[in-house]
Amino acid sequence: MTTTPAIRIENLVKRYAAPGAGEVGKLALKGVTFDVPQGGIFGLLGPNGAGKSTLINILAGLVRKTSGSAEIWGFDIDDNPRNAKRSIGIVPQEIVFDPFFTPFEVLENQGGFYGIAKTLRRSEELLRAVHLADKRNAYARTLSGGMKRRLLIAKAMVHSPPILVLDEPTAGVDVELRRLLWELVTQLNQDGVTVVLTTHYLEEAEQLCDRIAIINHGELIADKPTRELVGMAREKIVAVTVDKDLAGPFMEPSFIKAEVVEPRRLEVTYDRDAISAGQVLALVQGHGYAIEDVSTREADLEDVFVQLTGAG
Ligand code: ADP
Ligand code: MG
């Protein structure tokens, strides 16, 4: 038996309208295909302008796709837009609220929008979940940026969708709020919600997501379990401190890069499939240096990202 993916995206293309006569509109998505499995935290990673928000906004029904298809919880967004929309809660990148509503009213209005009977609404529970119970009756305009973001998460969950999508939830937020948002997202996921988040922070995707798709210039360039993706980084770095000043940079054919970063400290980048750290050390010793200290750096998502995008 195969489980329906939470989201299925097939050959999705978006060309924005041309800005003027005789001009060509931006091709923001160039035929993107991937599935978001149920139950996990899925990261859609890519630099600014990659097409992440365009993709999310198509799912939200805010942007009209040029071609291709998308299914949410098994519902095609064209054939079954109502059910598709009911299956997803979206926290947009931009914060917009009517400044004269209180957090409680924002959630109640949203409940009304979804036709949820007053007695079945979860406004109080959701306010507690996002730590805003004490701001229940404050005007939205008096909330801090972080509070507004949390309120947006509660608002996206009003109709209890099985999927929550957050577009750049931590862009420009401080460390403390970022931690709180991560906790919230993890908690929701543990409660059974499939989470999708877009981010341009590699570290965030690596720590939070069990699966990551990377898009760059509107194209999907990777889609793998996080661990596998990180494992793709073949370059390793070993930093060596030696007993005397290094006589200029020195290179070996099996090194990718050798950099003297301090008079007695050398950083060697090597292909872990080609040689071992031990062999690197032996080569350094072969140049007449005694080794006093060694540290290696494991490859991380950033290394993979640089490899895949050719960035940096
Ligand atoms: P991301 O969210 O990954 O930063 P976006 O989806 O916002 O990327 O943007 C992808 C590309 O589409 C960018 O080049 C952006 O300038 C362009 N774009 C986004 N929205 C519009 C729009 N409404 N009209 C025209 N071009 C747009
Ligand atoms: Mg964006």
Side-chain angles (χ1 to χ4, degrees), residues 7-36 41-70 72 77 84 88-97 145-146 148-150 152-153 155-156 163-174 177-178 181-182 185 195-206 208-209 211-224 226 229 301-302 304-312:
I7 297 172
R8 164 157 282 175
I9 284 159
E10 232 158 40
N11 214 5
L12 201 60
V13 173
K14 174 62 188 180
R15 186 184 287 285
Y16 283 105
E23 292 179 79
V24 188
K26 173 80 191 178
L27 188 56
L29 295 173
K30 302 174 180 167
V32 171
T33 301
F34 65 88
D35 285 351
V36 175
I41 302 184
F42 187 96
L44 184 61
L45 181 68
N48 283 326
K52 304 181 298 294
S53 292
T54 300
L55 194 149
I56 299 308
N57 290 338
I58 290 172
L59 295 177
L62 299 171
V63 166
R64 194 189 293 265
K65 64 187 162 61
T66 303
S67 62
S69 65
I72 301 170
I77 59 168
I88 199 166
I90 295 187
V91 183
Q93 188 170 351
E94 311 297 337
I95 297 179
V96 270
F97 281 118
K148 285 180 183 157
R149 254 176 222 277
R150 274 140 57 196
L152 275 177
I153 295 178
K155 189 180 169 198
I163 308 168
L164 176 67
V165 177
L166 304 114
D167 194 2
E168 303 265 5
T170 57
V173 312
D174 63 34
L177 176 59
R178 183 182 298 200
L181 291 172
W182 285 14
V185 162
V195 176
V196 178
L197 61 92
T198 77
T199 182
H200 61 271
Y201 297 121
L202 296 157
E203 190 205 340
E204 177 162 80
E206 188 170 351
L208 214 53
C209 305
R211 190 177 180 90
I212 294 173
I214 302 177
I215 61 170
N216 195 29
H217 299 302
E219 282 176 300
L220 189 83
I221 55 171
D223 170 22
K224 288 191 190 309
T226 306
L229 206 54
L301 193 55
E302 185 160 1
V304 182
F305 192 81
V306 170
Q307 273 182 45
L308 287 170
T309 60

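First listed ligand is number 1; within each ligand, the first listed atom is number 1. Computed from a prediction, not measured in an experiment: that's the story for all the values here.
The ligand atoms of ligand 1 that sit less than 4.0 angstrom from a heavy atom of P47 are 3 (O). Near N48, with a cut-off below 4.0 Å to any heavy atom, the atoms of ligand 1 are 4 (O).
At a threshold of 4.5 Å between non-hydrogen side-chain atoms, the residues I7 and I88 count as touching. In this structure, the side chains of L181 and I153 come closer than 4.5 Å at one or more pairs of heavy atoms. Looking only at side-chain heavy atoms (C-beta outward), K14 and V32 stay at 4.5 Å or farther from each other. Using a 4.5 Å cut-off on side-chain heavy atoms (C-beta onward), K155 and V91 make no contact. Side-chain contact between V13 and L29 is absent, with no heavy-atom pair separated by less than 4.5 Å. Annotation: side chain of D167 is not in contact with side chain of I90 (no heavy-atom distance under 4.5 Å). I56 has its side chain out of reach of Q93: every pair of non-hydrogen atoms, C-beta onward, lies at least 4.5 Å apart.
Among all protein heavy atoms, the one lying closest to atom 7 (O) of ligand 1 is S53 CB, 3.7 Å. Regarding atom 26 (N) of ligand 1, its nearest protein heavy-atom neighbour is Y16 CD1, 3.4 Å. The nearest heavy-atom contact from the protein to atom 8 (O) of ligand 1 is G51 N, 3.1 Å. Ranking protein heavy atoms by distance to atom 9 (O) of ligand 1, first place goes to T54 OG1, 3.9 Å.
Remark: of the listed residues L229, V304, L44, L229 is the sole one forming a side chain to side chain contact (heavy atoms under 4.5 Å, CB included) with I212. Screening E204, R149, H200 against T170 for a side chain to side chain donor-acceptor pair (under 3.5 Å) leaves a single residue, E204.
Annotation: cation-pi pair R178/Y201 present, NZ/CZ under 6.0 Å from the ring centroid and within 45° of its normal.
Within a 4.0 Å radius of atom 11 (C) of ligand 1, the protein has at least one heavy atom. Checking atom 2 (O) of ligand 1 against the protein gives a heavy-atom contact under 4.0 Å.
Within a 6.0 Å sphere centred on CD of E302, other residues, nucleotides and ligands contribute 12 heavy atoms or fewer.
Checked against a 3.5 angstrom limit, the closest N/O atoms of A28 and ligand 1 fall outside it. Of the polar atoms of Q93, none of the N or O atoms is found under 3.5 Å from an N or O of ligand 1, judged by distance alone.
Residue contact check for ligand 1: G49 places a non-hydrogen atom closer than 4.0 Å to it.
For a distance threshold of 2.8 Å, the protein N, O or S atoms nearer than that to the Mg ion (ligand 2), listed by chain and number, are S53 OG, Q93 OE1.
Residue contacts with ligand 1, taken as heavy atom pairs separated by less than 4.0 Å, involve K26 solely via side-chain atoms from C-beta onward. Neither the backbone nor the side chain of A17 has a heavy atom within less than 4.0 Å of ligand 1.
Residue I95 comes nearest to G145 through the heavy atom pair CD1-O, 4.0 Å, listed as atom of the first residue, atom of the second, then distance.
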